[in-house]
Amino acid sequence: EAENTFNIPNHFLRGMINSESALDPGAVGYYIYYGETLTYRGVDRGPGQINSKAHPEISWLDAFRFDYAVGYTADRLRSTFDAFKKDYPATSTATLWDAAIVSHNNPSAGRKWAKTGVAPTEAAALYVNKVKTAIYA
């Protein structure tokens with residue numbers, strides 16, 4: 001339903017949520033620390049793996065509500081694609097979807113991909129491939 005509402009093609013949303021949480025509404029990611037100082041960067045939570053520090057406006061309860069998390073993730077995916085389409089109109093639609101997909105996991109990689117037309121890292125390409133080739137039993 002969210003893919004139809006937000007006009008997201010090819011089950012990219014379902015692939016993202018599968019990749020992030022295996023479609024598990026109770027999924028909890030790692031507590032994330034970066035750099036030599038081990039700066040706390042939050043914890044990913046719920047089916048969309050919404051980061052607690054990046055999105056403090058989203059309650060823990062909402063992050064774990066399947067309907068909320070799917071809607072939030074769909075809106076974010078579509079909004080990112082639309083922003084990239086506006087900023088990089090010469091880039092192909094297929095490439096912009098790849099960039100929007102990876103932006104969920106790595107926003108700076110998504111922007112680089114949209115701008116240059118190529119995956120900025122092997123990890124970015126692998127993430128998008130995992131989303132696009134998800135298999136559901």
Side-chain angles (χ1 to χ4, degrees):
E1 184 178 322
E3 288 177 332
N4 288 334
T5 299
F6 289 92
N7 196 24
I8 298 169
N10 303 316
H11 299 295
F12 293 155
L13 176 63
R14 184 171 60 178
M16 280 178 54
I17 292 173
N18 184 63
S19 178
E20 292 293 330
S21 66
L23 307 174
D24 179 0
V28 177
Y30 295 105
Y31 285 82
I32 303 168
Y33 296 90
Y34 284 116
E36 291 181 21
T37 61
L38 297 178
T39 303
Y40 176 64
R41 298 289 293 266
V43 62
D44 294 340
R45 46 209 176 128
Q49 292 293 276
I50 301 168
N51 185 273
S52 62
K53 189 160 185 181
H55 300 284
E57 75 283 5
I58 298 174
S59 73
W60 281 73
L61 182 61
D62 282 341
F64 286 106
R65 279 186 31 224
F66 203 82
D67 61 329
Y68 180 89
V70 170
Y72 167 84
T73 304
D75 183 43
R76 184 171 177 212
L77 178 60
R78 183 74 222 188
S79 297
T80 301
F81 173 84
D82 290 345
F84 287 163
K85 185 79 170 163
K86 181 180 175 195
D87 292 346
Y88 308 104
T91 303
S92 74
T93 297
T95 299
L96 293 175
W97 276 115
D98 290 347
I101 289 167
V102 83
S103 286
H104 182 80
N105 188 266
N106 184 334
S108 64
R111 175 130 329 253
K112 286 178 190 172
W113 198 330
K115 183 177 182 178
T116 66
V118 296
T121 65
E122 184 177 346
L126 289 172
Y127 179 82
V128 170
N129 186 59
K130 184 177 178 183
V131 166
K132 292 169 85 173
T133 61
I135 298 172
Y136 309 94

| remark: For Ala27 and Ser21, the nearest pair of non-hydrogen atoms, with its separation, is CB-CB, 3.6 Å
| task | Indicate the atoms forming the closest heavy-atom contact of Ala54 with Glu57, along with that distance. | result | O-OE1, 4.3 Å
| task | Taking ring pair (Phe, Tyr, Trp, His ring centres under 6.0 Å) as the test, write out the residues that go with Phe84, two or more places apart. | result | none
| request: Identify whether the distance between the nearest side-chain nitrogen and carboxylate oxygen of Asp82 and Lys85 falls below 4.0 Å. | output: no
| request: Specify the closest pair of heavy atoms between Ile101 and Lys132, including all atoms of both residues, with the distance to one decimal. | output: CD1-CG, 4.3 Å
| said: With a 4.5 Å cut-off on side-chain heavy atoms, are Tyr88 and Thr95 touching? | reply: no
| said: I want to check something: taking the side chain as every heavy atom from C-beta on, are Leu77 and Trp97 in contact at a cut-off of under 4.5 Å? | reply: yes
| How many angstroms lie between atom CD1 of Ile50 and atom OH of Tyr72, to the nearest 0.5 angstrom? | 5.5 Å
| task | Report yes or no: does His104 contribute a side-chain atom to a donor-acceptor pair with the main-chain N or O of Arg76 at less than 3.5 Å? | result | no
| remark: Scanning both residues in full, the closest heavy-atom pair of Thr73 with Ala69 reads OG1-O, 2.7 Å
| request: Please report the shortest heavy-atom distance between Ala114 and Leu96, naming the atom on each side. | output: CB-CD2, 3.9 Å
| Under the 3.5 angstrom rule, does the side chain of Ser52 hit a backbone N or O of Val43 as a donor-acceptor pair? | yes
| task | Determine yes or no for a side-chain-to-main-chain donor-acceptor pair under 3.5 angstrom, with Thr80 supplying the side chain and Ala100 the backbone. | result | no
| field | OG1-CG distance between Thr91 and Asp98, expressed to the nearest 0.5 angstrom | value | 11.5 Å
Listed pairs under 3.5 Å, donor-acceptor, residues 4-20 side chains, sequence neighbours left out:
from, atom 1, to, atom 2, distance (Å)
Thr5, OG1, Glu1, O, 3.0
His11, ND1, Glu3, OE1, 2.7
Glu20, OE2, Tyr127, OH, 2.5

| Say you draw a straight line from CD1 of Ile58 to CZ of Phe64; how long is it, rounded to the nearest 0.5 Å? | 12.0 Å
